[in-house]
Novice: 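Please read through the structure below; I'll follow up with questions.
Values below: every heavy atom of this structure, side chains too, minus hydrogens, waters and symmetry copies.
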Amino acid sequence: MISAIETLPPEIFRSIIAYLSPEDTSALAQTCHRMYIITHDDKIWQQYFLKRYTYRLSFPHYSNGEYLLSSALKITEPVDNCTWQEYFVERSLQDKHIRSLLNEIITNRTNRISNADLLSSKYGLLAFDVLKNYFSPTTDLFKQLGILITTATSPNLTREYYSLNLARFISRNIGLILLNEIKTQIEIPTEGKALINVLFIIQCFHPHGIFLSLNRLHSIGQRLINDRLFSSLTLHEKCQLIITTMKKENFLPASASNEYYDLENSFLFSTFNGKPTIPITLVSIFCALADECGLVARPVGFPGEVMAQVEQPLDSSMPLIISVFNDKIMSLDEINERLANVIHRPLTYPLTITPISDFAIRSARNMIHSIGRNTTSSLNSYGLYAAVSILKILGGDALPFAYDSMMNVLKEHFPMDMNFLEMLSSSMTNAFDELSQIRIQDANPLPIEEKRRKNSPPKFYVGQIFQHKQYNYWGVICGWDLSCAASPIWQVRMGIPNLVRGALQSFYHILADDFSRRYVAEDNINALAFTSIENKQDTHAIVEKLRSIDGIGKYFETVDIINARFIPNIELRSEYPDDFV
């Protein structure tokens, strides 16, 4: 006797299967011959693939013909003439290896750097399709690309920390690869999408990495050219319309000096999120939009500003020189008048177009200037990495930093980036030997030194949430010393001798809700403040602020709001075994 379900047409089953996971569909295929045939419909597996995967290439290639990452994001057909199901299985096996490497990095201190190198070099962008699943739903990295983030059932701060840092590590490696591609290409046209792609390479070194879509510029360009009046406009009017549209899209010039020299202006992420920016960024966006509209615009560098030169349709006509930053079409006389004190003789047509490598080097100098003006910016280490990469690879200048201090910053903030650090140290024997020792320690790490709660133990525990008695900020304890371990100079500068118990009390390593890392005396810690808050919304707000600290997952797995503490991960438990029971 034939059951009713067996009489259903295949189309009904395919509709039902669309709601199953690929794993459930594979299990269904093994139940009978008919299900095997139905579940092998390649359209089903195409849907599964496009739903799960975003990237098709491990590494993008530099191009001035399309926006960076566009080629890596185009999944139109399976590779090597295989079926969608075969392609899905191939990527699933890669995912398994990526997860295995991730787990090894999280749980094992041995070969952490070499495993990160392997994951980056073998999988590149393909690893992002796995790593993104462990990011917090509050992470705004993927808002630019509109990717749906599916978080793990039990969010794990440590897994999120390593996933995010591996994604950043891969992003920086991609930035280095693209800079080397620029170096090896003989001639790159300085027009169209070339400029914005250079700034995208710099964005690779930002903490939000390459999670930024430049395709927004294509959408803006399409709206411009689809306006029925656009084709009837003069070149002057088209350029003015592009600038006006940029303002409507919140691509705005920075005003005050503090805003102008903000390091964020050198990264596209801030600009694409509405932060006013500097001339070099605005010119890059203008040239990309001009290209979308069929115009030819190129950068011309002057002291203090980069402008855009737009070619006239007729070769015999003089090009337009546009100060995008000041929203003004400039005559050559006006430019010469402005530059009278800095040039030896007046400029004449044709003006010199800024080559792509010089454009990147100018951006690096901007970052160096910004770092010098604001030494406390949280972006400084990322800006330093980007600027040093550009100057080292493209050969712009001698590095404008003391070598030892520069390397100390880079080693502290980017411990996984050994290939980059070795590149910087290749000509210096002592520094290279030091990095070789780090490689050796990665393969054979020293055992974690335990800190036991004996003989007048600290009053507070690792993971406790507290409020600072004097400055009122909230923080979480991530380590302690039985007495102040800081230098005598630091103790005097911070007024430690003025405390009741001075340096002879427990001191705590803490992460603060202003995203700083501090060293706090026991006398200044109020651990009862959090538990005395009656409004649950207030306690949740404090926890979420602490949870969002970049690096919280290096120490903690999750948070226990009821007991006002973060739960240490396995490494922190090994160091402070008595603080967690």
Side-chain angles (χ1 to χ4, degrees), residues 182 188-191 194-196 198-199 202 236 239-240 242-243 246 251-267 271 276-287 290 296-312 317-375 383-384 386-388 390-392 394-401:
I182 289 180
I188 301 174
T190 311
E191 60 189 55
L195 304 183
I196 200 72
V198 166
L199 294 191
I202 294 172
H236 184 292
C239 291
Q240 193 60 57
I242 291 173
I243 293 175
M246 286 174 60
F251 296 130
L252 303 170
S255 52
S257 60
N258 289 340
E259 181 181 68
Y260 186 91
Y261 292 108
D262 190 335
L263 183 56
E264 287 190 24
N265 290 329
S266 294
F267 294 105
T271 304
T277 190
I278 51 181
I280 198 167
T281 306
L282 292 174
V283 166
S284 299
I285 294 171
F286 176 89
C287 289
V296 178
R298 301 183 178 95
V300 179
F302 300 109
E305 184 177 352
V306 177
M307 298 186 191
Q309 177 174 288
V310 185
E311 302 298 328
Q312 294 276 7
S317 302
M318 292 297 180
L320 298 181
I321 306 298
I322 302 175
S323 171
V324 184
F325 187 79
N326 293 305
D327 186 9
K328 184 179 181 182
I329 295 179
M330 307 283 290
S331 69
L332 197 57
D333 289 340
E334 288 175 312
I335 294 172
N336 281 322
E337 182 179 352
R338 178 189 289 189
L339 302 177
N341 294 327
V342 293
I343 57 177
H344 299 296
R345 58 176 180 269
L347 299 173
T348 58
Y349 287 117
L351 298 176
T352 302
I353 303 300
T354 303
I356 283 295
S357 58
D358 290 356
F359 190 81
I361 290 167
R362 184 163 184 155
S363 295
R365 291 175 182 152
N366 285 343
M367 287 186 279
I368 292 166
H369 192 187
S370 297
I371 292 170
R373 290 179 66 100
N374 183 4
T375 58
L384 175 66
V388 168
I390 292 168
L391 296 178
K392 182 69 175 179
L394 300 183
D397 285 317
L399 300 180
F401 304 99

Novice: When you compare the side chain of E311 with that of E191, does any pair of heavy atoms fall below 4.5 Å?
Specialist: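 Heavy-atom side-chain distance check fails, nothing below 4.5 Å.
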Novice: Go through T354 and V306 one step at a time and tell me if the side chain to side chain contact (heavy atoms under 4.5 Å, CB included) criterion holds.
Specialist: CA-CA 9 Å; T354 303; V306 177; 5.5 Å; no
Novice: Please name the pair of heavy atoms, one in R362 and one in G301, separated by the smallest distance, quoted to 0.1 Å.
Specialist: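 In terms of heavy atoms, the two residues are closest at NH1-CA, 3.5 Å.
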Novice: Strictly distance-based, threshold 3.5 Å: is any side-chain N or O of N374 a donor or acceptor partner for the main-chain N or O of D262?
Specialist: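 No.
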Novice: How far does CZ of F267 sit from OG of S370, to the nearest 0.5 angstrom?
Specialist: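 Interatomic distance, F267 CZ to S370 OG, rounded to 0.5 Å: 9.5 Å.
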Novice: How far apart are the closest heavy atoms of C287 and P299, and which atoms are they?
Specialist: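 Closest approach of C287 to P299, heavy atoms only: SG-N, 4.5 Å.
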Novice: Considering non-hydrogen atoms only, spot the tightest contact between I356 and A194 and give its length.
Specialist: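 Heavy-atom minimum between the residues: CD1-CB, 3.7 Å.
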Novice: Would you indicate whether the side-chain heavy atoms of N265 and T271 approach each other to under 4.5 Å?
Specialist: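 Side-chain contact under 4.5 Å: no.
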Novice: Please determine whether side chain to side chain contact (heavy atoms under 4.5 Å, CB included) holds for the pair T190 and F359, giving the CA-CA distance in whole Å, both sets of side-chain angles, and the decisive distance to 0.1 Å.
Specialist: CA-CA 9 Å; T190 311; F359 190 81; 5.8 Å; no
Novice: Working to the nearest 0.5 angstrom, can you tell me the gap between L339 CG and E337 CD?
Specialist: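 So the CG of L339 and the CD of E337 are separated by 10.0 Å.
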Novice: Please tell me if the side chains of T277 and I285 come closer than 4.5 Å, counting only heavy atoms from C-beta onward.
Specialist: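 Side-chain contact under 4.5 Å: no.
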Novice: Testing F302, Y260, F286 one by one against F325 for a ring pair (Phe, Tyr, Trp, His ring centres under 6.0 Å), which residue passes?
Specialist: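 That would be Y260.
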Novice: Less than 4.5 Å apart, side chain to side chain, heavy atoms only: is that true for I182 and V198?
Specialist: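 Side-chain contact under 4.5 Å: yes.
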Novice: Would V300 and V283 count as a side chain to side chain contact (heavy atoms under 4.5 Å, CB included) here? Give the steps.
Specialist: CA-CA 9 Å; V300 179; V283 166; over 6 Å; no
Novice: So which heavy atom on L199 is nearest to which on T281, and how close?
Specialist: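 Residues L199 and T281, closest heavy atoms: CD1-CA, 3.7 Å.
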Novice: State, to 0.1 Å, how close L263 and G383 come at their nearest heavy-atom pair, and which atoms those are.
Specialist: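 Shortest heavy-atom separation between L263 and G383 comes out as CD2-CA, 4.1 Å.
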Novice: Q312 side chain to M318 main-chain N or O, any donor-acceptor pair under 3.5 Å?
Specialist: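 The answer is yes, because a donor-acceptor pair under 3.5 Å joins these two groups.
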Novice: Could you grab the distance from atom CD1 of I280 to atom OG of S266, nearest 0.5 Å is fine?
Specialist: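 Answer rounded to 0.5 Å: 8.0 Å.
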Novice: Give me the atom names and distance for the closest heavy-atom approach of L282 to M246.
Specialist: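 Looking at all heavy atoms of both residues, the shortest contact is O-CE, 3.5 Å.
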Novice: With a 6.0 Å cut-off (strictly less than), is the heavy-atom count around CD of E334, excluding the residue itself, greater than 12?
Specialist: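 Result for CD/E334: enclosed.
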Novice: How many angstroms lie between OG in S331 and CG in N336, if you round to the nearest 0.5 Å?
Specialist: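 Answer for the OG-CG pair, S331 versus N336, is 8.5 Å.
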Novice: Say you draw a straight line from CG of D358 to CD1 of I353; how long is it, rounded to the nearest 0.5 Å?
Specialist: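 Here the interatomic distance stands at 12.0 Å.
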Novice: Keeping the roles fixed (side chain from S323, backbone from M307), state whether a donor-acceptor pair exists under 3.5 Å.
Specialist: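 Pair absent, no side-chain N/O of S323 close to backbone of M307.
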Novice: Yes or no on side chain to side chain contact (heavy atoms under 4.5 Å, CB included) for I321 and L332, after CA distance, side-chain angles and deciding distance?
Specialist: CA-CA 8 Å; I321 306 298; L332 197 57; 5.7 Å; no
Novice: If you round to the nearest 0.5 Å, how far is CG of L391 from CE of M367?
Specialist: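 If I round to the nearest 0.5 Å, the distance is 8.0 Å.
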